[in-house]
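Input: a single structure, listed below in structure tokens.
Numbering of ligands and ligand atoms starts at 1, following listing order. Sequence positions, counted from 1, serve as the residue numbers for this chain.
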Amino acid sequence: MPLPTIEWIGGIDGKIKIIDQTLLPTELKYVYCDDVKDAYHAIKTLMVRGAPAIGIAAAMGTVLGIGKSDSGNYEDFMRDLKETTTYLASSRPTAVNLFWGLKRMEATASKNSHKSVADIKNLLLEEAKTILEEDKEICRKIGENGQSLIPDGGTVLTHCNAGGLATAYYGTALALIFTAAQKGKTVHVYADETRPLLQGSRLTAWELKNAGIDVTLICDNMAAHTMKDKKVDCIIVGADRIAANGDAANKIGTYGLSIVAKEHHIPFYVAAPASTFDLSLASGTEIPIEERDPAEVTHIQGNRIAPEGVKVFNPAFDVTPAGNIKAIITERGVINDPTTEKVKNTIQ
Ligand code: MRU
């Protein structure tokens, strides 16, 4: 069982408990979010990260935000709720699970407009906990639905972290690997380190090693050479937002991997829950791409590695076109060679 990445502690006046992922792998430390500002900060600074985990944190952050609302009537309460969700929605732009989680919270309040404010608050807490519990089952199903794509003795290359730390259970991309291993298959994984914030080396290598999976760490610029010279059976990555046509945004560097995989005839898989699809966007060109602090590029863990004043471009995500994706594995089934019609049939 993976360690819980995120939990709600206590009742309506409770708090969020998370693993501070910025400290891994050298320190495994749990921290608490006592108010909505803490939750915003935890999402923004990647203490909690990965699309599904961000969705859960946003839902729980909403409970922190409205917990202190002293509005006695539904209209005033909804104004406070909207203020909270608007604030949390401004934390990170790309992972659609954030907005999906917030919309679920707003819908729960709207559906229960006839109830007292105290009752609605409790229902919102229940909804946030439900989102977390559902995600565990979703990860399990994604693992089951996709594990057959990994042959016994197979080698997988992955990018960033789409494991337990990014979800409520054992991940999306890594769920396929964990499930294959549970079924007795031998699996070897190449983990890209994933500059600039090193989610691959700090988090994926840590998770896989802890689980006893044979993992080899490579720098991002070694992936093409590894695909050419070593045996790589498939690439499996997660996603932050998937457009209606199957174009998938994921951690910066994923698009490049998909091109190299195509060149080497290596199947490229995306594993993601239905909540990561944004059917309101026809294609990936409409997905907003987060740009982050230049210091993430000019520094590695606080140490300067570039001259002062150098110009920096730091997009946190890129979009892999559906044409480069062999299949998208979801809890609702596998979408082979994704098209708008196939995505609609599985997700809508
Ligand atoms: O910036 P991050 O660390 O939140 O980016 C995370 C990723 O890109 C993951 O691959 C994605 O969210 C899928 S998590 C199951």
Using only atom types and a distance under 3.5 Å, with no angle test, would you say the side chain of [X] pairs donor to acceptor with the backbone of [Y]?
X: S91; Y: Y87; value: no
X: E291; Y: F313; value: no
X: N324; Y: T320; value: no

Protein contact to [atom] [nearest heavy atom, distance to 0.1 Å]:
atom: atom 9 (C) of ligand 1; value: N250 OD1, 3.4 Å
atom: atom 3 (O) of ligand 1; value: R49 NE, 2.5 Å
atom: atom 8 (O) of ligand 1; value: D240 OD1, 2.9 Å
atom: atom 15 (C) of ligand 1; value: T172 OG1, 3.1 Å
atom: atom 14 (S) of ligand 1; value: A166 CB, 3.5 Å

Please indicate whether [X] has more than 12 foreign heavy atoms, meaning atoms of other residues, nucleotides or ligands, lying under 6.0 Å from its [atom1].
X: K326; atom1: NZ; value: no
X: K342; atom1: NZ; value: yes
X: Q301; atom1: CD; value: no

SB check K44 E290 (cutoff 4.0 Å): no

Select the closest option to [atom] among [options], judged by heavy-atom distance.
atom: atom 12 (O) of ligand 1; options: A51, A272, G238; answer: A51
atom: atom 4 (O) of ligand 1; options: K251, E290, R92, R241; answer: R92
atom: atom 13 (C) of ligand 1; options: A95, A239, A53, G50; answer: A239

Quick check on contacts: which atoms of ligand 1 are under 4.0 angstrom from a heavy atom of [X]?
X: Q199; answer: 1 (O), 2 (P), 3 (O)
X: N161; answer: 9 (C), 10 (O), 14 (S)
X: F317; answer: 1 (O), 5 (O), 8 (O)
X: P52; answer: 14 (S), 15 (C)

Cation-pi geometry met for K251 and F317 (6.0 Å, 45°):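 The answer is yes; both the distance and angle limits are met.
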
